[in-house]
Amino acid sequence: MNVTTTPAPRSTILLEIELPADRLQRALNHAVVHLARRTKIPGFRPGKAPRNVLERTLGPGAVLDDAVDHLVQDAYREALIEQRILPLTNADVEIIQAEEGKSVIFKATVQVRPEVTLGDYRGFPFAPEIETIDDAKVDKVIEELRDQNATLAPVEGRGAANGDYAVIGFEGTHDGTPFEGGSSERMPLIIGDERLIPGFEAHLLGLSVGDETAFDITFPDDYGEAALAGQLAHFAVTLRELREKILPDADDEFARSMGEFGDLAALRVEVQARLEGNALDKARHAFSDRIIEYAVANATLDLPDILIDQEVEVMHDEFRATIARQGIAEEAYLKVVGKTEDDLHSEFRPGAEHRVKVLLVLGKIAELEAVVVADDHIEAEVARARQRYAGEKKLLAYFESERGRNFIRSTLRRSQLVEKLVTDWLAAHPEHPALPHLEDQPGAALDSPAAEANAAIGATDPSAIHDAASGEEPGYPAHVHAEPAG
């Protein structure tokens with residue numbers, strides 16, 4: 001067997017394979033036996049019909065086609081092992097020559113893991129940026145705490161104002177006719193939040209409980225109900241309830257109600273400390289993100305479509321889960337926004353391509369930096385998966401599989417790598433403030449929407465491909481997709 005390999009665009013390899021004529025002859029002999037065993041021909045026992053009888057029954061090219069199909073599959077697999085090629089998917093095969101008495105020649109185009117050429121990933125020209133916590137930021141938190149502990153009281157001695165909590169009754173008409181959704185006996189709202197038609201709530205300002213008002217207003221051009229978009233409507237409104245938010249005074253008594261604080265000054269000290277801790281944690285995460293983007297920008301790689309397509313599916317599954325948590329079905333969402341699934345995939349694709357680049361670049365750096373994840377850490381994550389997905393057989397089966405364990409290993413390894421790069425930079429710059437995590441440990445492998453999405457579609461983590469290619473026995477495919485020549 002003669003094999004020639006040629007690199008092709010989008011991380012593909014073109015294999016040109018030539019097999020001697022005697023291999024085709026042996027394949028023909030096997031094909032006769034194979035077809036005879038599975039073809040019932042009157043007068044012949046299974047497996048005993050000769051070639052000419054088989055071809056009268058199955059067609060003149062049946063034996064040759066079967067022989068070439070099996071021969072190409074076997075030769076392709078042998079070529080992958082010989083050339084140490086790990087394919088990402090089945091090959092596209094073109095038969096160049098397949099005639100009895102001649103050598104068999106075919107081409108196979110296969111997508112492979114991309115070669116990642118790293119650039120600089122340690123000499124980044126930036127440092128962590130830590131937010132300064134001043135009195136104004138502490139004041140803002142104190143105000144938020146007061147707002148969270150506010151009470152509502154009836155408004156007295158004044159009319160309705162922005163920020164008041166109101167209950168209104170209203171009836172709307174268009175050309176003198178009531179319209180669907182245009183009336184309510186009791187509608188709660190916060191005046192000024194513009195929950196209704198823009199400009200509607202302005203007509204409530206100054207009203208007292210029991211007051212009535214009427215006005216005309218035009219629906220916006222992009223209003224969801226097409227029949228009303230841009231149309232003039234008339235509303236009659238009655239203010240039924242009006243309450244205002246009463247904030248507690250920012251004093252020592254308020255501070256004591258917030259916990260074990262002796263006075264307001266002690267509460268402010270605690271708020272300051274928490275804000276500063278948050279600022280350090282945010283600075284570490286932002287610094288990590290910048291390091292990743294720096295490394296990706298300096299790396300060179302040619303992504304195969306199969307990995308981008310897979311990540312698009314991962315992002316799509318994440319999106320489904322997000323809207324499902326809001327009680328929205330995907331079909332309903334697509335109908336409202338006027339999009340198709342293909343439209344979504346087109347929108348996801350640029351982000352998917354970037355995510356794959358990040359995964360592959362970090363995987364390559366982790367390989368270079370010899371970052372190793374202990375097996376007990378992986379098994380601990382699998383144990384967590386057994387608890388989290390106890391009632392979801394498909395997701396649990398993924399994390400218990402070798403593919404799922406590879407996802408966990410790669411995810412933990414990337415996390416450890418980024419932590420290592422940050423820690424190494426801090427060690428080289430002792431003058432810089434420490435950047436501790438708020439938690440003792442960085443996030444685990446299961447603690448992201450991507451984990452569940454990968455499990456849902458049975459995805460292979462792109463950076464895990466490096467592990468398989470460099471150490472483990474690759475899982476070569478047992479068959480290829482063959483297409484007719486020409």
Side-chain angles (χ1 to χ4, degrees), residues 86 88 113-124 126-128 281 283-301 303 307 311 314 354-385 399 401-430 432 434-448 450-451 454-455 459-474:
L86 181 62
L88 296 177
R113 69 181 182 93
E115 289 296 329
V116 180
T117 303
L118 295 176
D120 177 40
Y121 62 87
R122 280 187 172 274
F124 35 85
F126 50 82
D281 188 67
R284 186 179 185 105
H285 284 293
F287 187 47
S288 299
D289 291 343
R290 292 188 70 185
I291 291 174
I292 292 169
E293 293 304 318
Y294 181 80
V296 171
N298 288 332
T300 303
L301 65 163
L303 294 181
L307 293 183
E311 199 63 29
V314 170
H354 181 72
R355 276 169 57 159
V356 173
K357 284 182 179 179
V358 169
L359 297 177
L360 289 169
V361 170
L362 292 184
K364 185 66 173 180
I365 297 174
E367 184 182 318
L368 190 64
E369 294 282 334
V371 177
V372 177
V373 178
D375 289 342
D376 59 342
H377 290 175
I378 296 169
E379 293 310 312
E381 287 296 285
V382 174
R384 289 183 62 216
F399 289 113
S401 70
E402 193 59 35
R403 180 173 294 185
R405 281 179 162 84
N406 280 337
F407 170 84
I408 291 171
R409 185 186 301 276
S410 297
T411 302
L412 293 178
R413 190 173 68 160
R414 287 192 295 269
S415 178
Q416 291 182 16
L417 167 69
V418 175
E419 292 306 309
K420 181 179 188 297
L421 295 178
V422 173
T423 300
D424 288 351
W425 186 92
L426 290 170
H429 297 80
H432 195 279
L435 297 176
H437 280 287
L438 288 181
E439 305 86 7
D440 291 334
Q441 296 292 336
L446 303 182
D447 297 338
S448 73
N454 273 267
T460 298
D461 189 292
S463 64
I465 297 166
H466 287 278
D467 299 333
S470 60
E472 302 170 10
E473 180 66 22

Between [X] and [Y], what is the shortest heavy-atom contact and its length?
X: Y294; Y: G123; value: OH-O, 3.5 Å
X: A450; Y: R355; value: CB-NH2, 4.1 Å
X: A385; Y: L446; value: N-CD1, 3.5 Å
X: A366; Y: L417; value: N-CD2, 3.7 Å
X: A445; Y: F407; value: O-CE2, 4.0 Å

For the pair E381 (side chain) and I408 (backbone), establish whether a donor and an acceptor sit closer than 3.5 Å, ignoring hydrogens and angles.
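Not confirmed, E381 side chain does not pair with I408 backbone.
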Residue set satisfying ring-ring contact (aromatic ring centres under 6.0 Å, His included) with H377, at least two apart, ordered chain then number -> none
- Query: Can you name the residues that form a ring-ring contact (aromatic ring centres under 6.0 Å, His included) with H354, not counting sequence neighbours?
  - Reply: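 By the ring-ring contact (aromatic ring centres under 6.0 Å, His included) rule, H354 matches no residue at all.
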When V361, L301, L303 are each screened for side-chain contact (heavy atoms from CB on, under 4.5 Å) with V356, the one that passes is L303
Worksheet item: Which one of L368, I291, L362 satisfies the side-chain contact (heavy atoms from CB on, under 4.5 Å) criterion with Y121?
Response: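 The option that passes is L368.
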Working to the nearest 0.5 Å, report the span between [atom1] of [X] and [atom2] of [Y].
X: I292; Y: K357; atom1: CD1; atom2: NZ; answer: 15.5 Å
X: I378; Y: R405; atom1: CD1; atom2: CZ; answer: 8.5 Å
X: E311; Y: N454; atom1: CD; atom2: CG; answer: 6.5 Å
X: W425; Y: F126; atom1: CH2; atom2: CZ; answer: 9.5 Å
X: T411; Y: L359; atom1: OG1; atom2: CG; answer: 8.0 Å
X: R409; Y: D375; atom1: CZ; atom2: CG; answer: 5.0 Å

Open item on the list: The criterion is salt bridge (charged side-chain N to carboxylate O under 4.0 Å, His left out); which residues satisfy it with D120, sequence neighbours excluded?
Closed with: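 D120 satisfies salt bridge (charged side-chain N to carboxylate O under 4.0 Å, His left out) with no residue once adjacent residues are dropped.
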Evaluation steps, side chain to side chain contact (heavy atoms under 4.5 Å, CB included), between R284 and L426 = CA-CA 10 Å; R284 186 179 185 105; L426 290 170; 3.9 Å; yes
